[in-house]
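Beneath this line is the structure, given in C-alpha cells, with notes to follow.
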Amino acid sequence: MLNYMIDKQILAQRLNAAYNLLRAKGILHTVSDFADAIKKPQPHISQALKADQKRCTMGLLTRVADTFPDVLNRDYLLMGEGDVAAPDR
C-alpha cells in the first residue's frame, strides 16, 4: 500500500508541474481552465492535483500529455524522464 501512495504523490507532482508550466506560459489561468481543456470535471482535477488516489491516474496524465503535446513533455508526465517542458522540435 505504501508504494501505491508514493506513486500517487509522484503522479500528482508531475501533474502540478504541468499545470504550473501551462499557467506560467499563459495557456491556462485556473484549475477550471485546465479541467475544460482536458474535458474533465473541475472537482476531479482539483482532487488529482492534491494526489487523490482515485483521481490522480496515469490515464489522466496521458490525457494531459495528449492535450498539450507541443508544450508538455510526454516522457516526463508518464515516466518522470526529462523536463516538464516539451523538448524543442
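We use all heavy atoms of the structure for the numbers below, so side chains are in, but hydrogens, waters and symmetry mates are not.
Of all heavy-atom pairs spanning Ala12 and Cys56, the tightest one is N-SG, 3.4 Å. Closest of all the heavy-atom pairs between Gly82 and Tyr76 is O-CD1, 3.5 Å. Pairing each heavy atom of Pro41 with each of Ala35, the nearest pair is C-CB, 4.0 Å. In this structure, Gln47 and Arg55 approach most closely via the heavy-atom pair OE1-NE, 2.9 Å. A pairwise comparison of heavy atoms in Leu21 and Ala85 identifies CD2-CA, 3.7 Å as the closest pair. Heavy-atom minimum distance, Leu49 versus Asn16: O-ND2, 2.8 Å.
Salt bridge Lys8/Asp52: absent, no basic N to carboxylate O contact under 4.0 Å.
Note that CZ of Arg23 and CG of Asp33 are 9.5 Å apart. Values are rounded to the nearest 0.5 Å. For the atom pair Leu28 CG and Thr30 OG1, the distance stands at 7.5 Å (nearest 0.5 Å). Here CZ of Arg63 is found 8.5 Å from CD1 of Ile45. Values are rounded to the nearest 0.5 Å. Atoms CG and CD1, from Leu15 and Ile10 in turn, are 14.0 Å apart once rounded to the nearest 0.5 Å.
Scored by the side-chain contact (heavy atoms from CB on, under 4.5 Å) test, Asp36 finds no partners at all (sequence neighbours excluded). In this structure Tyr19 satisfies the ring pair (Phe, Tyr, Trp, His ring centres under 6.0 Å) test together with Phe34, sequence neighbours excluded.
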Q: Show your working on side-chain contact (heavy atoms from CB on, under 4.5 Å) between Ile38 and Leu60 and close with a plain yes or no.
A: CA-CA 9 Å; Ile38 61 174; Leu60 177 62; 3.6 Å; yes
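Between Leu22 and Leu72 the shortest side-chain heavy-atom distance falls below 4.5 Å. Annotation: side chain of Thr62 is in contact with side chain of Leu78 (closest heavy-atom distance under 4.5 Å).
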